[in-house]
Amino acid sequence: ASSINPCDFKFRRNWVPGFLRPLPKIPGEDVAGVVAEVAGGAASSGKFVVGDRVAAMLPILGSRLGAAAGYVAVDEALVAKIGERTSFEEAASLPLVSLTALQGLRKLGDERKMRGKKILIQAGAGGVGTFAVQYAKKVMGMHVTTTASSGKAALVKELGADVVVDYRTERFEDVVTEVDVVLDPMSWSYEGRTLGNGRNVLKPDGHYLNIAGSDWSFKGRERVNGALTFRNVIGHTMRNFFLPGSTPRYDIVFVEPDGAQLQDVMELLSKGTIQAVIDRKFPLEKASSAFKHLENGHATGKVILQH
Ligand SMILES: NC(=O)c1ccc[n+]([C@@H]2O[C@H](COP(=O)([O-])OP(=O)(O)OC[C@H]3O[C@@H](n4cnc5c(N)ncnc54)[C@H](OP(=O)(O)O)[C@@H]3O)[C@@H](O)[C@H]2O)c1
């Protein structure tokens with residue numbers, strides 16, 4: 001099985017230099033399946049054998065290989081074993097989104113020090129959000145506020161959210177104050193509303209994690225927050241250098257494949273600490289319908305391709 005992510009369609013519908021996304025490109029970063037062949041000699045550490053059940057996040061850039069295929073070659077450093085009771089669909093739903101959340105949250109430093117602290121996770125019902133809410137609550141012990149439309153409130157509460165803001169009827173900046181961390185996959189529309197002048201969504205010594213993304217409502221060129229983000233990175237870094245704690249810390253997250261981190265995620269899934277949230281499943285031949293569905297921007301959890 002594989003799953004699809006917004007970066008798949010964003011790269012498809014925008015021009016990207018060939019050295020970054022060589023064409024023809026098979027879409028898909030997230031894959032789970034059975035090892036069919038292992039490279040011999042120095043290329044293999046012996047960690048994986050034919051028949052192992054595994055999952056991986058493939059590199060987003062620099063390769064034509066993608067997960068929406070019968071077979072894929074992948075560097076073993078990017079691969080994790082999956083539990084006996086974990087389905088391929090569950091395993092394939094998690095790599096890119098879980099690594100994004102994990103790599104963002106690990107920028108906060110020692111996880112144990114975050115216990116009891118307050119986090120706002122934007123778009124809690126999305127792929128990144130459904131993992132981030134669970135991880136922040138169940139592994140880090142944080143107090144979690146998230147944004148979701150009202151029909152999804154029950155789900156995000158079940159995943160661990162303490163407070164749900166219906167972003168369609170309330171402005172989060174009017175009701176959320178003084179959180180320690182904001183994890184923001186909606187940064188193109190929410191960054192200014194979080195860090196703008198006079199806002200107190202974050203504590204002055206809080207931490208803003210920008211999960212760099214772009215506008216879903218695509219009309220021509222994808223809209224991004226380049227200038228605002230640049231200003232914020234420079235501004236926050238400089239002010240914190242001269243006056244530590246005077247303004248929130250600011251980090252941008254660009255997910256990287258990582259087999260060891262993915263193994264941590266697969267252990268959490270096996271133990272039942274976190275669950276896979278699957279929105280819809282499509283047969284591989286219907287991948288274009290799966291993409292149309294995801295492009296609407298309202299999937300709840302992950303969209304799966306069945307191979
Ligand atoms: N920088 C990186 O490395 C990185 C990695 C992963 C993802 N991303 C980016 O992060 C973004 C989210 O990715 P994803 O996989 O989570 O997407 P996704 O699964 O497609 O997210 C869909 C969810 O977003 C919610 N949503 C839409 N508009 C919202 C709004 N204004 N406020 C709050 N929630 C809203 C929807 O809820 P409703 O149906 O209730 O509207 C839906 O449940 C994308 O732009 C993606 O490109 C970046």
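One-based numbering, in listed order, for ligands and for the atoms of each.
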Does [X] use its side chain to pair, donor to acceptor, with the backbone of [Y] at less than 3.5 Å?
X      : Y      : value
Asn225 : Ser187 : yes
Gln122 : Thr146 : no
Lys81  : Asp52  : no

In ligand 1, which numbered atoms sit nearer than 4.0 Å to a non-hydrogen atom of [X]?
X      : answer
Thr147 : 33 (C)
Trp188 : 45 (O)
Leu294 : 20 (O)
Gly126 : 16 (O), 19 (O), 21 (O), 22 (C), 23 (C), 43 (O)
Pro185 : 10 (O), 11 (C), 12 (C)

Provide, to 0.1 Å, the distance between [atom] and the closest protein heavy atom, together with that atom's residue and name.
atom                    : answer
atom 1 (N) of ligand 1  : Val253 O, 2.7 Å
atom 32 (N) of ligand 1 : Tyr190 OH, 2.7 Å
atom 9 (C) of ligand 1  : Ala212 O, 4.0 Å
atom 16 (O) of ligand 1 : Val128 N, 2.9 Å
atom 41 (O) of ligand 1 : Tyr167 OH, 2.3 Å
atom 44 (C) of ligand 1 : Lys10 NZ, 3.5 Å
atom 15 (O) of ligand 1 : Pro6 CD, 3.4 Å
atom 18 (P) of ligand 1 : Trp216 CZ2, 3.7 Å

Among [options], which one has a heavy atom closest to [atom]?
atom                    : options                : answer
atom 8 (N) of ligand 1  : Ile211, Asp184, Leu209 : Ile211
atom 22 (C) of ligand 1 : Gly151, Gly297, Gly301 : Gly297
atom 42 (C) of ligand 1 : Ser214, Gly129, Ala299 : Ala299

May I ask you to check if ligand 1 and [X] share an N or O to N or O distance below 3.5 Å?
X      : result
Val255 : yes
Ala148 : no
Val97  : no
Asn5   : no
Lys152 : yes
Arg168 : yes

Does at least one non-hydrogen atom of Lys302 fall below 4.0 angstrom from an atom of ligand 1?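 No, that is not the case, since the closest heavy atom of the residue is not under 4.0 Å from the ligand.
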
Group every Ile, Leu, Val, Met, Phe, Trp and Tyr by side-chain heavy-atom contacts under 4.5 Å, then state whether Leu108 and Phe131 land in the same group. yes

Under a 4.0 Å threshold between the charged nitrogen and the carboxylate oxygen, would [Y] count as salt-bridged to [X]?
X      : Y      : answer
Lys302 : Glu90  : no
Arg53  : Glu84  : no
Asp162 : Lys118 : no
Glu89  : Lys281 : yes

Under the side chain to side chain donor-acceptor pair (under 3.5 Å) criterion, do Thr194 and Glu173 qualify, and how do the steps go? CA-CA 7 Å; Thr194 308; Glu173 61 270 45; over 6 Å; no

With Tyr190, which residues qualify under ring pair (Phe, Tyr, Trp, His ring centres under 6.0 Å), at least two apart?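 Tyr190 satisfies ring pair (Phe, Tyr, Trp, His ring centres under 6.0 Å) with Phe172 once adjacent residues are dropped.
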
At what distance, to the nearest 0.5 angstrom, does CG of Asp279 lie from OG1 of Thr300? 5.0 Å

Residue pair Asp8, Arg13: steps toward the salt bridge (charged side-chain N to carboxylate O under 4.0 Å, His left out) verdict: CA-CA 9 Å; Asp8 287 312; Arg13 66 196 188 182; over 6 Å; no

With a distance cut-off below 6.0 Å to the six-membered ring centre and an angular limit of 45° from the axis, does Lys10 pair with Trp188 as a cation-pi contact? yes

Return a table of donor-acceptor pairs under 3.5 angstrom between the side chains of residues 201-208 and protein atoms on other chains or two or more places apart.
from   : atom 1 : to     : atom 2 : distance (Å)
Lys203 : NZ     : Asp180 : OD1    : 2.9
His207 : NE2    : Asp251 : OD2    : 2.8
Tyr208 : OH     : Asp184 : OD2    : 2.6

